[in-house]
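Since the structure is predicted, the reported quantities are computational estimates derived from the model, not experimental observations. Naming: A, B, ... by sequence-line order, numbering from 1 per chain.
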Amino acid sequence: MSAVSELRITLAGAARVVAGGTTYGEALEADGRSVVAARAGGELKDLAAPVAEGDVIEPVPADSPDGRAIIRHSTAHVMAQAVQEIFPEARLGIGPPVENGFYYDFDVKNPFTPDDLKRIEKRMREIVKQGQLFSRRPVSDDEAAGELAAEPYKLELIGLKGGAADEESVEVGGAELTIYDNLDPKTGELCWKDLCRGPHVPTTRSIPAFKLMRTGGAYWRGSEKNPQLQRIYGTAWESREKQDEYLHLLVEAEKRDHRKLGAELDLFSFPDELGSGLPVFHPKGGVIRRVMEDYSRKRHEEAGYSFVNTPHITKSKLYEISGHLDWYKDGMFPAMELEGAEYYLKPMNCPMHNLIFRSRGRSYRELPLRLFEFGTVYRYEKSGVIHGLTRVRGMTQDDAHIYCTHEQMRDELKSLLRFVLDLLRDYGLDDFYLELSTKDPEKFVGPDEVWEEATETLREVAESENLELVLDPGGAAFYGPKISVQARDAIGRTWQMSTIQLDFNLPELFELEYQAADGTRQRPVKIHRALFGSIERFFGVLVEHYAGAFPPWLAPVQVVGIPIAEAHVSYLQDVAKKARERGIRIEVDASDDRMQKKIRNAQKSKVPFMLLAGDEDIAGGAVSFRFRNGEQKNGVPVDEAIAEIVDAIERRLQV
RNA sequence: GCCGACGUAGCUCAAUCGGCAGAGCGACAGUCUUGUAAACUGUAGGUCAGGGGUUCGAUUCCCCUCGUCGGCUCCA
């Protein structure tokens with residue numbers, strides 16, 4: 001090796017000179033645990049790779065996003081090795097890091113059982129303990145094809161490499177193919193190898209914590225036309241503590257599962273008799289829903305919306321005009337044949353709103369015309385995707401369509417986004433980011449300049465709200481750009497909530513027109529927007545956000561009166577009467593349970609306020625509060641107590 | 001729709017290697033009532049998701065359907 005004897009590099013912002021053959025790991029004095037890889041000139045490198053002249057080198061900490069991804073990717077390799085040791089006939093698919101973990105796909109005769117997972121995990125722990133080295137080796141395409149002759153899926157990826165160089169794949173990518181050998185640290189013997197771009201942690205010992213999570217089928221390369229492989233998901237972290245935190249979050253999320261809370265709190269159910277994805281709301285869920293809707297109506301009324309109503313079913317003609325029958329038929333329930341006509345359940349409200357717009361001539365003076373409806377729609381969701389209230393077949397959208405002139409579009413979009421964000425905040429969601437889906441240059445309708453202006457306006461408004469803006473280039477539907485509001489809930493999960501979408505297509509198809517000031521006929525701009533998305537879904541999100549402990553204004557039962565003994569029931573009933581007169585939803589627990597049991601029941605039903613009354617309270621014309629957190633406030637005069645509750649309801653406070 | 005797991009009382013879960021199905025909570029009835037998360041006693045409650053098959057006999061084994069759960073695809 002007559003390598004250059006000295007190399008000039010930049011480390012931590014300072015110029016350094018190191019001997020030729022120095023590795024990134026040596027240069028960074030990395031231990032392979034807190035620092036798992038290096039970044040040189042923006043590219044991630046193995047610690048064992050030699051530095052190059054002129055490198056600007058930074059460490060990749062284990063607890064950074066890249067660091068975690070590397071740990072997870074390496075863990076995926078360990079898993080694949082374990083799988084192939086236990087199931088030698090298993091063929092490899094791909095095994096990338098993903099959010100919070102990693103997966104690897106395998107072609108196996110029999111799907112993995114939970115027992116298999118245990119065996120695989122056990123073997124993985126042995127491999128980790130053994131400290132196998134991840135050793136990078138560049139290969140030519142032909143060499144790779146030869147070495148991986150038994151791995152048909154890997155061969156397919158090698159074959160794809162040339163054509164799809166832009167594909168960001170962890171297997172192939174960059175200029176050359178590389179294979180990672182896993183070597184026995186003592187003997188240097190080859191234990192396993194995989195086609196992989198890398199980088200990897202230096203040894204399997206650099207995987208501090210991991211756990212296999214679940215299995216499932218997954219189509220090869222994500223297409224349902226391809227064979228289905230068996231995927232194993234796992235998680236891996238830079239420390240045991242971080243992993244425990246993550247697992248704890250999952251437990252917390254499970255406790256908040258709206259499907260579970262919905263049954264426990266008697267909010268809604270999915271009767272088998274109705275069919276999959278068709279919820280019914282019980283009285284308690286019904287109250288929440290009604291309050292949600294009432295408040296939304298009130299706010300829409302204040303914001304200048306007109307309320308409309310449309311039927312649930314229509315002749316096919318409407319969806320021929322709108323084009324739904326061309327491009328959305330799979331998502332619709334099949335037609336009913338009646339009197340020689342075909343009728344469809346409506347999957348969307350907008351076509352019907354268009355009919356309202358064009359029911360008579362429209363003047364520019366009427367614009368913006370904002371039509372709002374709680375419109376119930378039915379969509380044929382495939383059986384495997386139905387999920388609680390978040391993915392259903394029958395749902396009610398808080399759907400609005402705004403018809404305006406080009407000149408009005410800008411202001412309308414601005415006020416609309418503010419309206420949406422304000423309203424979401426009122427429902428208790430206040431941590432947002434926005435996603436802007438822009439034009440797909442290959443596929444769009446409508447004039448360029450309107451796309452441009454609408455997109456720019458959406459961007460401006462997003463920026464003026466000081467919200468994080470994620471771009472989704474080319475992600476818009478063909479008929480218009482879209483901005484969607486993503487909300488983070490109480491435990492940091494994000495949900496797609498509202499969408500605001502321009503539609504340049506339907507006004508054309510329905511030949512919508514208004515008469516402008518100069519007497520010409522113009523096509524209106526149509527803005528489509530749903531704030532909740534669907535009431536069902538939003539309801540589900542709120543259940544999870546609040547973990548079922550709704551703020552008083554939404555709580556189905558706001559107050560439970562609990563007598564210390566039977567003798568105090570009638571006093572509490574008087575209190576309840578007064579409270580009801582102030583609009584409070586209050587119940588008195590007059591059952592023959594003991595007081596402690598009543599408290600337990602009320603606590604479990606997550607009622608915001610308990611009002612207790614015994615001899616002491618009655619003597620002072622008072623009641624005693626118990627709050628959800630177990631705190632109490634005793635001897636509060638009845639009027640004051642009611643005022644406090646009314647205040648919390650009116651101000652929509654959480655308590 | 002596809003791959004896999006699952007479906008026992010209102011809920012949470014036992015049991016039956018093919019031989020009369022069980023508990024806790026809840027419900028109901030009665031007894032007892034005094035200060036912040038479970039009083040006591042009793043009663044009712046099941047075509048073991050539905051249908052078909054194998055068998056002397058099926059909740060148990062096989063097939064189909066429905067539903068639920070975890071993934072994939074999809075989410076206009």
Side-chain angles (χ1 to χ4, degrees), chain A residues 93 103 105 107-108 110-114 116-117 213-233 254 257 259-260 263-264 266 269-278 322-324 326-332 347-348 350 377 379-388 390-393 395 476-480 482 496 499 501 503 505 528 533-534 537 560 562-569 591-605 610-618 623-635:
Chain A
Y103 67 79
D105 289 342
D107 187 353
V108 281
N110 300 308
F112 298 107
T113 64
D116 294 338
L117 238 57
M213 304 298 285
R214 53 174 55 106
T215 58
Y219 297 112
W220 168 238
R221 296 182 55 222
S223 168
E224 56 189 330
K225 295 186 188 89
N226 289 336
Q228 201 157 43
L229 307 181
Q230 292 302 316
R231 177 171 295 179
I232 303 177
Y233 280 96
E254 205 177 314
D257 190 319
R259 295 167 297 187
K260 194 181 138 181
E264 276 174 16
D266 195 17
S269 61
F270 294 89
D272 285 357
E273 292 81 349
L274 297 189
S276 193
L278 297 167
S322 69
H324 282 86
D326 288 335
W327 50 275
Y328 188 61
K329 197 169 185 183
D330 289 348
M332 293 166 64
M348 284 184 176
C350 29
V377 298
R379 299 177 179 187
Y380 176 67
E381 300 285 0
K382 289 196 241 167
S383 59
V385 309
I386 289 167
H387 182 94
T390 58
R391 200 76 184 273
V392 291
R393 285 181 171 163
M395 61 178 161
F478 70 91
Y479 50 83
K482 177 174 86 172
Q496 183 183 324
T499 59
Q501 176 141 29
D503 186 338
N505 190 42
H528 173 116
S534 82
R537 200 180 117 81
V560 169
I562 297 178
I564 301 302
E566 200 177 342
H568 311 120
V569 169
S591 69
D592 58 3
D593 283 329
R594 286 177 18 171
M595 178 262 301
Q596 285 84 347
K597 181 63 179 294
K598 293 179 183 183
I599 288 171
R600 180 181 152 86
N601 287 343
Q603 194 84 39
K604 277 176 44 180
S605 72
M610 287 175 227
L611 287 185
L612 283 76
D615 289 339
E616 289 166 35
D617 298 287
I618 293 175
V623 287
S624 294
F625 275 101
R626 181 189 161 100
F627 302 98
R628 278 196 287 230
N629 64 6
E631 281 173 25
Q632 37 182 304
K633 189 154 79 178
N634 298 329

J.: Assign a letter to each nucleotide of nucleotides 37-48 of chain B from its 5' end: B, base within under 4.0 Å of a protein heavy atom; S, sugar-phosphate only; -, no contact.
T.: BBB---------
J.: Can you tell me the distance, in whole Å, between the CG atom of A/Asp617 and the P atom of B/rU34?
T.: 16 Å
J.: For a quick check of understanding: with a heavy-atom distance under 4.0 Å over all strands, which category does A/Met610 fall into, base, sugar-phosphate or nothing?
T.: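 Answer is nothing: A/Met610 stays at 4.0 Å or more from every strand.
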J.: Touch check for A/Ala565, heavy atoms < 4.0 angstrom, all strands: base, sugar-phosphate only, or nothing?
T.: base
J.: How long is the span from the CG atom in A/Asn634 to the CZ atom in A/Arg626, to the nearest 0.5 Å?
T.: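 Reported value, rounded in 0.5 Å steps: 11.0 Å.
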J.: If you check every side-chain atom of A/Tyr233, which of B/rG35, B/rG1, B/rC72 has the closest atom?
T.: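 Looking only at heavy atoms from C-beta outward on A/Tyr233, the closest nucleotide is B/rC72.
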J.: Between B/rG26 and B/rU65, how far apart are the P atoms? Round to whole Å, please.
T.: 40 Å
J.: Can you find a donor-acceptor pair, distance only, under 3.5 Å between A/Asp615 side chain and B/rG35 base?
T.: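 In this structure, the two groups form no donor-acceptor pair.
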J.: Whole Å only: how far is the CE atom of A/Met213 from the C1' atom of B/rG4?
T.: 17 Å
J.: For a quick check of understanding: with a heavy-atom distance under 4.0 Å over all strands, which category does A/Gln230 fall into, base, sugar-phosphate or nothing?
T.: sugar-phosphate
J.: To the nearest Å, give me how far apart CD1 (A/Ile232) and P (B/rG4) are.
T.: 15 Å
J.: Find which nucleotide of RNA chain B each of A/Ser383 and A/Pro114 is nearest to by heavy atoms, and output the residue with the more 5' nucleotide.
T.: A/Ser383
J.: Under a 3.5 Å cut-off for both distances, is B/rG30 Watson-Crick or wobble paired, and to whom?
T.: B/rC40
J.: Taking only N and O in the side chain of A/Tyr380, is any of them less than 4.0 Å away from OP1 or OP2 of B/rG1?
T.: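 For A/Tyr380, the contact criterion (side-chain N or O under 4.0 Å from OP1 or OP2 of B/rG1) is met.
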J.: So, applying side chain to side chain contact (heavy atoms under 4.5 Å, CB included) with A/Arg393, which one of A/Ile386, A/Val377, A/Leu274 is it?
T.: A/Ile386
J.: Using atom P of each nucleotide, how far apart are B/rG24 and B/rU43 to the nearest Å?
T.: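 Here B/rG24 and B/rU43 have their P atoms 12 Å from each other.
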J.: Would you indicate, yes or no, if B/rU68 has its OP1 or OP2 atom less than 4.0 angstrom from a side-chain nitrogen or oxygen of A/Ser276?
T.: yes
J.: Which residues pass the ring-ring contact (aromatic ring centres under 6.0 Å, His included) test with A/His528, sequence neighbours left out?
T.: A/His401
J.: Given the C1' atoms of B/rG19 and B/rA44, what is the spacing between them in whole Å?
T.: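 About 27 Å, rounded to a whole number of Å.
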J.: Counting any heavy atom closer than 4.0 Å, what does A/Thr113 reach on the DNA or RNA strands: base, sugar-phosphate only, or nothing?
T.: nothing
J.: Below the 4.0 Å mark, does B/rG71 have OP1 or OP2 next to a side-chain nitrogen or oxygen of A/Thr215?
T.: no
J.: Should the heavy atoms of other residues, nucleotides or ligands under 6.0 Å from CD of A/Gln596 be counted, would the total exceed 12?
T.: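 Yes, enclosed.
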J.: Specify the separation, in whole Å, of atom CD1 of A/Ile562 and atom P of B/rU34.
T.: 16 Å
J.: Should B/rC61 form a Watson-Crick or G-U wobble pair with both distances under 3.5 Å, which nucleotide is its partner?
T.: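 Answer to the pairing question: B/rG53, which forms a Watson-Crick or G-U pair with B/rC61.
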J.: Which whole number of Å gives the distance between the P atom of B/rC74 and that of B/rA58?
T.: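 Straight-line distance between the two P atoms is 46 Å.
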J.: B/rC63 and B/rA39: how far apart are their P atoms, nearest whole angstrom?
T.: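 It comes out at 49 Å once rounded to the nearest Å.
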J.: Is the distance from OP1 or OP2 of B/rG71 to the nearest side-chain N or O of A/Arg231 less than 4.0 Å?
T.: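 False: A/Arg231 side-chain N/O out of range (4.0 Å or more) of B/rG71 OP1/OP2.
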J.: Checking all strands, does A/Arg259 fall into the base, sugar-phosphate, or nothing category for heavy-atom contacts under 4.0 angstrom?
T.: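 Here A/Arg259 touches the backbone only, sparing every base.
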J.: Looking for any heavy atom pair under 4.0 Å, which part of the strands does A/Gly222 touch: base, sugar-phosphate only, or nothing?
T.: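 Contact class for A/Gly222: sugar-phosphate only.
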J.: Side chains of A/Tyr103 and A/Met213: closer than 4.5 Å at any heavy-atom pair?
T.: no
J.: Rounded to whole Å, how long is the line connecting atom CD of A/Glu273 with atom P of B/rG50?
T.: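 Taking CD of A/Glu273 and P of B/rG50, I get 12 Å after rounding.
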J.: Classify the side chain of A/Gln228 and the base of B/rC2 as holding, or not holding, a donor-acceptor pair under 3.5 Å.
T.: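 Counting by modelled atom types and ignoring angles, a donor-acceptor contact under 3.5 Å is found here.
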J.: Counting side-chain heavy atoms from C-beta on, which of B/rG67, B/rG71, B/rU73 comes nearest to A/Asp272?
T.: B/rG67
J.: About how many Å separate CZ of A/Phe112 and CG of A/Leu117, when rounded to the nearest 0.5 Å?
T.: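 Nearest 0.5 Å value for the CG-CZ distance: 8.0 Å.
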J.: After noting the C-alpha distance and the side-chain angles of A/Lys598 and A/Asp593, does the key distance pass the salt bridge (Lys or Arg N to Asp or Glu O under 4.0 Å) rule?
T.: CA-CA 6 Å; A/Lys598 293 179 183 183; A/Asp593 283 329; over 6 Å; no
J.: With both distances kept under 3.5 Å, what pairs with B/rU68, Watson-Crick or G-U wobble?
T.: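 B/rA5 is the nucleotide pairing with B/rU68.
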J.: Using atom C1' of each nucleotide, how far apart are B/rG1 and B/rU54 to the nearest Å?
T.: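 These two C1' atoms come out 32 Å apart once rounded.
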J.: For A/Asp617, which residues count as a salt bridge (charged side-chain N to carboxylate O under 4.0 Å, His left out) partner, sequence neighbours excluded?
T.: none
J.: If we call it a pair only when both distances are under 3.5 Å in a Watson-Crick or G-U wobble match, what pairs with B/rC11?
T.: B/rG24
J.: Side chains of A/Tyr233 and A/Arg231 only: does a donor on one sit below 3.5 Å from an acceptor on the other?
T.: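 Checked: A/Tyr233/A/Arg231 side chains pair up, N/O donor to acceptor below 3.5 Å.
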J.: Taking a pair as Watson-Crick or G-U wobble with both distances under 3.5 Å, which nucleotide is matched to B/rC75?
T.: none
J.: Is any side-chain N or O of A/His387 closer than 4.0 Å to OP1 or OP2 of B/rG70?
T.: yes
J.: Please give the nucleotide sitting opposite B/rC48 as a Watson-Crick or G-U wobble pair, both distances under 3.5 Å, or none.
T.: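 Pairing partner: none.
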J.: Considering only atom C1', compute the distance from B/rG52 to B/rU59 and round it to an integer number of Å.
T.: 16 Å
J.: I need the CD-P distance between A/Glu224 and B/rG71, as an integer number of Å.
T.: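 One finds 18 Å between P of B/rG71 and CD of A/Glu224, rounded.
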J.: Using atom P of each nucleotide, how far apart are B/rC13 and B/rC69 to the nearest Å?
T.: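 That atom pair is separated by 14 Å.
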J.: Considering every strand and a 4.0 Å limit on heavy-atom distances, what is the contact class for A/Tyr479: base, sugar-phosphate, or nothing?
T.: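 Counting heavy atoms under 4.0 Å across all strands, the contact made by A/Tyr479 is with sugar-phosphate only.
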J.: Within this structure, what is the CG-CD1 distance for the pair A/Leu612 and A/Ile562, rounded to the nearest 0.5 Å?
T.: 5.0 Å
J.: How do A/Ala567 and A/His324 order along RNA chain B: which one's closest nucleotide is nearer the 5' end?
T.: A/Ala567
J.: Closer than 4.0 angstrom, basic N to acidic O: yes or no for A/Arg391 and A/Glu381?
T.: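 A/Glu381 and A/Arg391: salt-bridged.
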J.: Rounded to the nearest Å, what distance is computed from the CD atom of residue A/Glu264 to the C1' atom of nucleotide B/rG26?
T.: 13 Å
J.: Atom CG of A/Leu611 to atom C1' of B/rG35: distance rounded to whole Å?
T.: 14 Å
J.: What's the closest nucleotide to the side chain of A/Pro111 if the choices are B/rU36, B/rC3, B/rC72?
T.: B/rC3
